[in-house]
Asks: 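First the structure, then my questions, so here it is.
A, B, ... follow the sequence lines: proteins, then strands. Residue 1 opens every chain. All figures in this text were calculated on a predicted structure; none of them were measured in a lab.
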2 protein chains.
Amino acid sequence: MRTANRRVLLARVPTGLPTPADFKLDTAPIPEPLEGEFLCRTLWLSLDPYYRNVMKGHPLYGEVLRPGEVMIGETVAQVVVSRLAGYAPGDYIVGRNGWQEFALSKGEGVCKLPQEDLPLSAWLGVLGMPGLTGYAGMLELGGPEPGETVVVSAATGPVGSTAGQVARLAGARVIGIAGSAEKCDYAVHELGYAACINYRAQDLRDALEKACPDRIHVYFDNVGGETLNAVFTRLARGARIILCGMIGAYSMETPPAGPWLGPVVAARAHLQGLVVYDHLHRQSEQVRAVSAWIRAGHFKWKEDVSVGLERAPEAFCRLMRGENFGKALVRIDPG
Amino acid sequence: MRTANRRVLLARVPTGLPTPADFKLDTAPIPEPLEGEFLCRTLWLSLDPYYRNVMKGHPLYGEVLRPGEVMIGETVAQVVVSRLAGYAPGDYIVGRNGWQEFALSKGEGVCKLPQEDLPLSAWLGVLGMPGLTGYAGMLELGGPEPGETVVVSAATGPVGSTAGQVARLAGARVIGIAGSAEKCDYAVHELGYAACINYRAQDLRDALEKACPDRIHVYFDNVGGETLNAVFTRLARGARIILCGMIGAYSMETPPAGPWLGPVVAARAHLQGLVVYDHLHRQSEQVRAVSAWIRAGHFKWKEDVSVGLERAPEAFCRLMRGENFGKALVRIDPG
């Protein structure tokens, strides 16, 4: 039986894009559960861009991450020892173990997973918070109508690919924006987008003009910055813009300037900020709908898997540089 | 009987803030109406910031203003000679004579004014398009609730003072932003705002923090730029922001950067572009409501009047520099 719990600590607050030197691998004894607790082993660690904001000291759930502490993160885990009613060894759960191989839990904020055909890792992506973000954001704030043109940035990531496929299934014509030819190819051939623009290889404004002859009715924004400025030049009257992520800014010390809003006035466009926690009431509907689409072959997703907790720092840094392709995950193999 | 029609032409497209040298005083014969036309004499010329955009060559009603042509502008005029049924000498009308003392009209886009107690000039301000902008924008897009905090920039102008007073009459607590102590004093003592911030004398972020302890529920934006950035730091959850005017940008050659939108996401705020022509169906309601408030003493406005057409260029330049106080108007006295 293993007695050492490997963990990754935040070593220091990064400056700019994070590097592996901002993290520190560490070992502690595996803790023992008290009455009312269970011990669980991490199987999958999710890597999400918002961690970068938490690393700056921005609070999450009212808690603040400080150097020397275990990195935060969402995980799929399996119960090992339980002294908490309702949790038995072998149960799979989604929770927030953070970047460590073992963790104790009192069951707070933990969700037991059904035993079913879908892979466990999906609960950190398209069936989890990123999926809910794309699903509820697109349906509640975007409201795509059949025949409308919907543009999605970070189009092959878990949020973007959910938002885009939900819009496509609602009858809209979906145009993706992504950072490589490979991603764009996947977006068109697997996700069913009408087109996908490689912003690293094409002039985004020209490409949007060509790809959106009827202009843009809904834009799901995962990146902010210059991409927003480009989309603003092609807005349809009454366009809906969902402001979700601004990954480029998370690694900046001071907030960058935003887009010039003149075209928003001309288009009478609506911009709205999206925070997924406002939409938790739609989570069971999302899981039901997306699971059914997956089983019917209408909904695809892609994962970018690193193996071993010690790979998490480099994998997270790749994610923040936009070099991943698909949902960034770390698989923690039993030692 | 006068035979000369004095006019002001656009001499050249201004660079940056306009100067009087961008205009040219000119004289032409007073035209004679054909069958189906009437001749009218301009009494009041409205000066509005959006003219600056038209001077750049931006189309208005599908028409474009070019150097050498008579400056565009909304006017109150009186019919002198009529060969058009429904219009008789002495009738007062609102139309678009532009910057000239006499003009012909076929009655298109012209509105006859009732003979009543309210001053004719009000039809270019609080009872006209600026008033409708503030009225419909605040009620349709802002939706202020009793007790909410509403912030209005350019708070003593015709749009801002209408938006602010409409919000106050709806039960909201109104905070103005204006550019002089005199304007702020007027906003509090005449317009009934709870407070007014002189952005030229105070740090806007600090002042908003003090004036808006419950944060900002509705912001009616008439200026854009750094003011938006400051307001964004104090948004209440679900705030509504009406993007109406961006006067600072009208005189720029290239659009400035916009505000950093991160706080919009955090606040789940709604931003919406406002164009008054979408709200013409509420015009008769606006005129009825505002007229009644004026008569009951609940609604005030202020005018910044220059006398004589030859003063129009300098008055317009003052407006674009933010040096006017109240609705900018030119009174054209009969020669």
Side-chain angles (χ1 to χ4, degrees), chain A residues 50 52-53 56 58-60 133 136-137 140-141 219-229 231-233 235-250 252-279, chain B residues 50 52-53 56 58-60 133 136-137 140-141 219-229 231-233 235-250 252-279:
Chain A
Y50 77 84
R52 180 66 183 82
N53 270 338
K56 280 180 188 171
H58 291 198
L60 183 73
T133 306
E140 294 213 350
L141 308 187
Y219 173 52
F220 195 106
D221 178 45
N222 287 308
V223 296
E226 193 45 44
T227 307
L228 262 175
N229 257 330
V231 167
F232 282 179
T233 62
L235 295 178
R237 184 85 168 258
R240 290 86 73 196
I241 296 157
I242 303 131
L243 300 173
C244 176
M246 297 180 177
I247 187 170
Y250 298 164
M252 295 185 184
E253 297 306 304
T254 49
W260 158 237
L261 294 171
V264 172
V265 181
R268 292 79 153 155
H270 308 241
L271 274 75
Q272 189 163 352
L274 166 66
V275 174
V276 65
Y277 306 116
D278 300 344
H279 302 279
Chain B
Y50 77 84
R52 180 65 183 84
N53 270 339
K56 280 180 185 169
H58 291 198
L60 184 73
T133 305
E140 295 214 350
L141 308 187
Y219 173 52
F220 195 107
D221 179 45
N222 287 309
V223 297
E226 194 43 44
T227 306
L228 261 175
N229 257 329
V231 167
F232 281 179
T233 63
L235 294 179
R237 184 85 166 259
R240 290 86 73 195
I241 297 157
I242 304 131
L243 300 173
C244 176
M246 298 180 176
I247 187 169
Y250 297 164
M252 295 184 184
E253 297 306 304
T254 49
W260 157 237
L261 293 171
V264 171
V265 181
R268 292 78 152 155
H270 307 240
L271 274 76
Q272 189 164 352
L274 165 66
V275 174
V276 66
Y277 306 116
D278 300 343
H279 301 278

Asks: Might you point out which heavy atoms bring B:Val223 and B:Asp221 nearest each other, and give the distance in Å?
Replies: N-OD1, 3.3 Å

Asks: Name the option with the most non-hydrogen atom pairs under 4.5 Å to chain B; the candidates are A:Leu243, A:Ile242, A:Val275.
Replies: A:Val275

Asks: Please find the pair of heavy atoms, one from A:Gly238 and one from A:His270, that lie closest to each other, and give the distance.
Replies: O-CD2, 3.9 Å

Asks: Quick check for you: among A:Gly224, A:Cys244, A:Pro259, which has the greatest number of heavy-atom pairs under 4.5 Å with chain B?
Replies: A:Pro259

Asks: With side chain to side chain contact (heavy atoms under 4.5 Å, CB included) as the criterion, how do A:Val264 and B:Leu271 come out once you've worked through the C-alpha distance, each side chain's angles and the decisive distance to 0.1 Å?
Replies: CA-CA 9 Å; A:Val264 172; B:Leu271 274 76; 5.5 Å; no

Asks: Who among B:Pro263, B:Gly258, B:Gly245 has the most heavy-atom pairs with chain A under 4.5 Å?
Replies: B:Gly258

Asks: Heavy-atom pairs under 4.5 Å with chain A: which of B:Ile241, B:Leu141, B:Asp278 has the most?
Replies: B:Asp278

Asks: Restricting to non-hydrogen atoms, name the atom on B:Lys56 and the atom on B:Met252 that form the minimum distance, rounded to 0.1 Å.
Replies: NZ-O, 3.3 Å

Asks: Is B:Leu228 in contact with chain A via its backbone, its side chain, both, or neither, using a 4.5 Å heavy-atom distance?
Replies: side chain

Asks: What's the separation between atom CZ in A:Phe232 and atom OG1 in A:Thr227, rounded to the nearest 0.5 Å?
Replies: 11.0 Å

Asks: Let's test your reading of the structure: which of B:Pro256, B:Ala257, B:Gly262, B:Ala267 forms the most heavy-atom pairs below 4.5 Å with chain A?
Replies: B:Pro256

Asks: In terms of heavy-atom proximity below 4.5 Å to chain A, should B:Arg240 be classed as side chain, backbone, both, or neither?
Replies: neither

Asks: Mind listing the closest non-hydrogen atom pair of A:Trp260 and A:Asn229 along with its distance?
Replies: N-OD1, 3.2 Å

Asks: Quick check on A:Leu274 against chain B: is it the side chain, the backbone, both or neither that has a heavy atom closer than 4.5 Å?
Replies: backbone

